[in-house]
Amino acid sequence: MKVLYFARLKELTGCEEDHFDPPIHSIAELIAQVRRRYPQISTLNLFAAVNQTYAAHTCLIQVTDEIALFPQVTGG
Amino acid sequence: MKVLYFARLKELTGCEEDHFDPPIHSIAELIAQVRRRYPQISTLNLFAAVNQTYAAHTCLIQVTDEIALFPQVTGG
Amino acid sequence: MISVQTQDFSVAEIYDKLRHANPGPIGAIALFVGLVRDFSHTLQLASLHIECYPGMVERELQRLVAQVQQQFSDVQQIEIIHRIGELLPQEQIVLVGVSATHRAEAFAACEFLIDQLKTTVPLWKKEIRADGNEYWIEHNTPAREQIVC
Amino acid sequence: MISVQTQDFSVAEIYDKLRHANPGPIGAIALFVGLVRDFSHTLQLASLHIECYPGMVERELQRLVAQVQQQFSDVQQIEIIHRIGELLPQEQIVLVGVSATHRAEAFAACEFLIDQLKTTVPLWKKEIRADGNEYWIEHNTPAREQIVC
């Protein structure tokens, strides 16, 4: 399962595209795995998008989805 | 005593500068005389300025003051 | 900083003034421009005549600027231009521009200035219709009954 | 209507677009520009790095525009530009412009757009200091904990 990282999450993990073995059913499960792999992101509040739309942590996901994780946005 | 008129008050009275015989002690007294002279302005709500500053109808006036009367402002 | 004028104005020029006056702490610029609406299909507006009380109009605008500088400590620079004379549909009437450190104060000060301008600055508008009839605009907002001496 | 770009933008050009798109009923134009603050005397800011999520950034901006067009019926035209990449102090970051029939809606829509942009559109800022240290900006406004799927 492919996951995109942005901003500080990309910097702390050192990659902009990451891969996890299925099955991963929800954003919450995915985030748990990401946090296990990268303990250095423990202080980072994470937001998720599925197919370029904001997704709650309870949102179910499939391998064909475009999944992205990132910290609080700070544009403007 | 010299009085300046602006906008619709100037149009209805037909003059931009008017004169009244002293003694006139307050804006209220002045407005009463203006309304007697020009019955056609009866529907017009009047505002006053003394020396280019808004003045209440109770404001006392002198012949040396620059006195102006005008309707509600509508700029912007 | 303030101007009451018959000629048109350039938004680009005023924006550049706001941007480059004391630029260090400026993080936000809010601009408002009022235009002559063109409802020619219904109202047949031929032009707008704008009159002012010379002298007092500048004093009231300066008083407004001073009030904003006191009330909004975040504000850096203020520009106000108001046109007088005959204006055609779609022409620019008024510009209010504010630069500030943060956006909330830039918006608040800009909106405060145009709201106050419309209720206290001695300017008056008359609509001239295509049929030759003329109508003074009666009020922008509910008229204020009492103003302290 | 919306653009996410590395190159700078011209406020004059965008103002002209707002003014001349469907000009008939337009009586008010509100513009907001955000700039890189230059606190070089204290913070030694060398530059600002702005990153986006390509694709989603445009989708979120379009969603915002659609939301404003639905909520503010008076609004005629909306322009949003946000820059990405490396920006120097005093450079322009973002522009939000709205044309409307009346001023209250122009201001309200403009402020709503920039407030929403700062809390929902996938853009991130990092400060690069003169000493080489880098700091991601943590949040513009209190972080939202929950977003509906």
Side-chain angles (χ1 to χ4, degrees), chain C residues 9-16 18-43 45 48 74 76 88-115 117-118 140-141, chain D residues 9-16 18-43 45 48 74 76 88-115 117-118 140-141:
Chain C
F9 53 81
S10 156
V11 170
E13 264 175 41
I14 297 150
Y15 173 73
D16 284 343
L18 287 167
R19 189 173 166 195
H20 297 296
N22 191 23
I26 292 178
I29 293 176
L31 272 178
F32 172 83
V33 180
L35 304 159
V36 183
R37 273 191 293 276
D38 182 8
F39 289 128
S40 47
H41 53 297
T42 52
L43 289 183
L45 181 72
L48 200 63
D74 207 47
Q76 301 293 327
L88 298 176
Q90 300 181 24
E91 279 202 73
Q92 301 180 135
I93 303 170
V94 59
L95 177 146
V96 176
V98 174
S99 68
T101 311
H102 300 96
R103 77 183 187 285
E105 291 245 315
F107 273 112
C110 192
E111 200 164 5
F112 178 83
L113 281 166
I114 185 70
D115 287 353
L117 185 152
K118 282 176 175 263
N140 284 326
T141 46
Chain D
F9 53 82
S10 156
V11 170
E13 264 176 39
I14 297 150
Y15 174 73
D16 284 344
L18 287 167
R19 189 174 165 192
H20 298 297
N22 191 24
I26 292 177
I29 293 176
L31 272 178
F32 173 82
V33 179
L35 304 160
V36 183
R37 272 190 293 277
D38 182 9
F39 290 128
S40 46
H41 54 297
T42 52
L43 290 183
L45 181 72
L48 200 64
D74 206 46
Q76 301 292 327
L88 298 176
Q90 301 181 23
E91 279 202 74
Q92 301 179 134
I93 303 169
V94 60
L95 178 145
V96 176
V98 173
S99 68
T101 311
H102 300 97
R103 79 182 187 285
E105 291 245 315
F107 273 111
C110 192
E111 201 164 2
F112 178 85
L113 282 165
I114 186 70
D115 287 353
L117 184 153
K118 283 176 175 264
N140 285 326
T141 46

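We name chains A, B, ... by the order of the sequence lines, and we start the count at 1 in each one.
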Problem - Those residues that, when tested against D:Asp16, pass side chain to side chain contact (heavy atoms under 4.5 Å, CB included) (two or more places apart) - result: D:His20
Problem - Nearest atoms (heavy-atom pairs only) where C:Ile114 meets D:Arg103 - result: CG1-CD, 3.9 Å
Practice task
Please indicate whether C:Glu13 has more than 12 foreign heavy atoms, meaning atoms of other residues, nucleotides or ligands, lying under 6.0 Å from its CD.
Solution key: no
Handout entry: Region of D:Val36 that comes under 4.5 Å of a non-hydrogen atom in chain C
Key = backbone
Problem - Atom group of D:Tyr15 that falls short of 4.5 Å from chain C, counting heavy atoms - result: side chain
Handout entry: C:Val11, part contacting chain D, at a heavy-atom distance under 4.5 Å
Key = side chain
Exercise for the section: Please work out which of the three classes, parallel, tilted or perpendicular, describes the rings of C:Phe107 and D:Phe32, given edges at 30° and 60°. Expected result: parallel
Problem - Residues that C:Ala109 engages under side chain to side chain contact (heavy atoms under 4.5 Å, CB included), provided they are two or more places apart - result: C:Val68, C:Phe72, C:Val75, C:Val98
Problem - D:Gln90 to C:Arg19 - nearest heavy-atom pair and separation - result: O-NH2, 3.0 Å
Problem - Residue D:Gln92 versus chain C: region with a heavy atom under 4.5 Å - result: both
